[in-house]
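Structure first, then comments.
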Protein chains: 2
Amino acid sequence: MAKDSPNNLEAHLGYWVRYVSNHVSHAFTQKLAAKNVTVAEWVVLRELYSLGAVYPSELAEKLGMTRGAISKLVERLRVKCLAERYAVESDARYQTIELTAAGKRLTPTLAKLADENDHEFFGHLTKSQRTEVANLLKDIVQRNGWKDLPIS
Amino acid sequence: MAKDSPNNLEAHLGYWVRYVSNHVSHAFTQKLAAKNVTVAEWVVLRELYSLGAVYPSELAEKLGMTRGAISKLVERLRVKCLAERYAVESDARYQTIELTAAGKRLTPTLAKLADENDHEFFGHLTKSQRTEVANLLKDIVQRNGWKDLPIS
DNA sequence: TATTGTTATACTCTATAACTATA
DNA sequence: TATAGTTATAGAGTATAACAATA
């Protein structure tokens, strides 16, 4: 049966979604690398930018990651002087994470790279094409009840 | 400007493509794991299934990976008794890689999982929706001249 | 010297689970 | 004992570059 042939995968929509996704992400990875930032770091920077001071555990929750993973990412951002840890007086088990001034300056620049990257690969589509594809994809997200942010 | 705001990324089509791609791939990773196979291994299995006996360097070329990466993947498949190395008499620097009988049996089963996974997430779309999205994505692949297969 | 395949090393991304400090 | 955060360990995925064998 052709349906189950291992050579049939180009008939899969998921194949093309993954193909495009991987290449678009790869291009973005390269753009971020020019600013010495990885994709996972960008995700945290963006979240910190919009949330302000947060607990690592909140960050983990929001991003659908473990506390251990967040701990390492925050440490990397700290080493790069983009984020800082602050003690919480009321409960010494907690700490807040916050962007440094440098982090606050850098994040919008990275956002611009994200815009450029999107425009580079999807900018040629018409408005109605973009809308239709986006709606189909959002619908898939919704009907599967996915809530966490995509990371890689 | 809202356009460059770090909070604007949900307006990016690439965001939704990545979001869906990651979740669909993750679900497929789980299905493969039940068969004790990783995604990278599946990609090589599928290629070996359709190509028959090939040199590792050909495999690397076809899949857009380095020879080192292929070397390790082939070794993993060999340990799992899914593929085997054979000496080439005419030139001892070369070798051919080929699926074992078990590898040939398993690959169509994995292809079926790929079919099921695709149906699970995209099966609700109409034929014309699928076609339109696939065509837009294929067009993006073509206009960027991408040739290698997506891996992750 | 050029080529094939292997190996050493390294890095990203992530998880699980054990651990420390605090409550 | 329960919770926050850290660390140890592991494993997938991949690259670069040095290496051995062969041509």
Side-chain angles (χ1 to χ4, degrees), chain A residues 18 21-23 25-26 28-30 32-33 36-45 53-80 83-97 148-152, chain B residues 18 21-23 25-26 28-30 32-33 35-45 53-80 83-98 148-152:
Chain A
R18 192 173 74 249
S21 175
N22 287 349
H23 281 84
S25 284
H26 184 254
F28 185 45
T29 300
Q30 304 287 86
L32 285 179
N36 191 32
V37 171
T38 70
V39 174
E41 287 163 6
W42 150 248
V43 170
V44 174
L45 285 172
V54 282
Y55 303 138
S57 49
E58 288 179 308
L59 221 37
E61 162 82 23
K62 284 260 185 188
L63 298 178
M65 298 167 72
T66 61
R67 283 174 299 153
I70 290 295
S71 180
K72 286 187 179 168
L73 279 170
V74 167
E75 177 58 18
R76 268 158 53 185
L77 292 176
R78 204 191 57 71
V79 168
K80 292 181 181 179
E84 194 47 90
R85 296 188 171 95
Y86 296 97
V88 169
E89 293 188 7
S90 56
D91 190 333
R93 289 174 304 180
Y94 287 75
Q95 64 183 224
T96 55
I97 312 299
D148 56 300
L149 291 167
I151 299 306
S152 63
Chain B
R18 192 172 75 250
S21 174
N22 287 349
H23 281 85
S25 284
H26 184 254
F28 185 45
T29 300
Q30 305 289 84
L32 285 178
K35 302 289 182 181
N36 191 31
V37 172
T38 70
V39 175
E41 287 162 8
W42 149 249
V43 170
V44 174
L45 285 173
V54 282
Y55 303 138
S57 48
E58 289 178 308
L59 221 37
E61 162 83 23
K62 284 259 185 188
L63 299 177
M65 297 167 72
T66 62
R67 284 174 297 154
I70 290 295
S71 181
K72 285 186 180 169
L73 281 170
V74 167
E75 177 58 19
R76 268 158 53 183
L77 292 176
R78 203 191 58 70
V79 167
K80 292 181 181 178
E84 194 46 90
R85 297 188 171 96
Y86 296 97
V88 170
E89 293 188 8
S90 57
D91 189 333
R93 290 174 306 181
Y94 286 74
Q95 65 184 222
T96 56
I97 312 299
E98 209 168 346
D148 56 299
L149 292 166
I151 299 306
S152 65

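Between B:Y55 and B:K72, the residue anchored nearer the 5' end of DNA chain C, judged by the nucleotide with its closest heavy atom, is B:Y55. Two residues, B:I70 and A:G68, neighbour DNA chain C, and the one matched to the more 5' nucleotide by heavy-atom proximity is B:I70.
When the side chain to side chain contact (heavy atoms under 4.5 Å, CB included) test is applied to B:E41, the partners found at least two apart in sequence or on another chain are B:V37, B:T38, B:L73, B:R76, B:L77, B:K80. Partners of A:Q95 by side-chain hydrogen bond (donor to acceptor under 3.5 Å, both in side chains), not counting sequence neighbours, listed by chain and number: A:R85. A:A53 meets the side chain to side chain contact (heavy atoms under 4.5 Å, CB included) test with A:T96, A:E98; sequence neighbours excluded.
Look at B:E75 and B:K72 and you find no salt bridge, because none of the NZ, NE, NH1 or NH2 atoms lies under 4.0 Å from a carboxylate O.
Across all strands shown, B:T66 has heavy atoms under 4.0 Å from base atoms, whether or not it also approaches the sugar-phosphate. A:T38 comes within contact range of the sugar-phosphate backbone alone, with a heavy-atom separation under 4.0 Å but no base atom that close.
Note on the helix from C:dT1-D:dA23 to C:dA23-D:dT1: angle between the axes of the first and last five pairs equals 40°, rounded to 10 degrees.
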Grab the N/O contacts between the protein and nucleotides 18-23 of chain D below 3.5 Å, and write none if there aren't any.
{"residue": "D:dA23", "atom": "OP1", "partner": "B:A92", "partner atom": "N", "Å": "2.7"}

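Listed by first and then second residue, the ring pair (Phe, Tyr, Trp, His ring centres under 6.0 Å) pairs that reach into residues 54-74 of chain B are B:Y55-B:Y94, sequence neighbours excluded.
Closest to the B:Q95 side chain, of the nucleotides C:dG5, D:dA12, C:dT14, is C:dG5.
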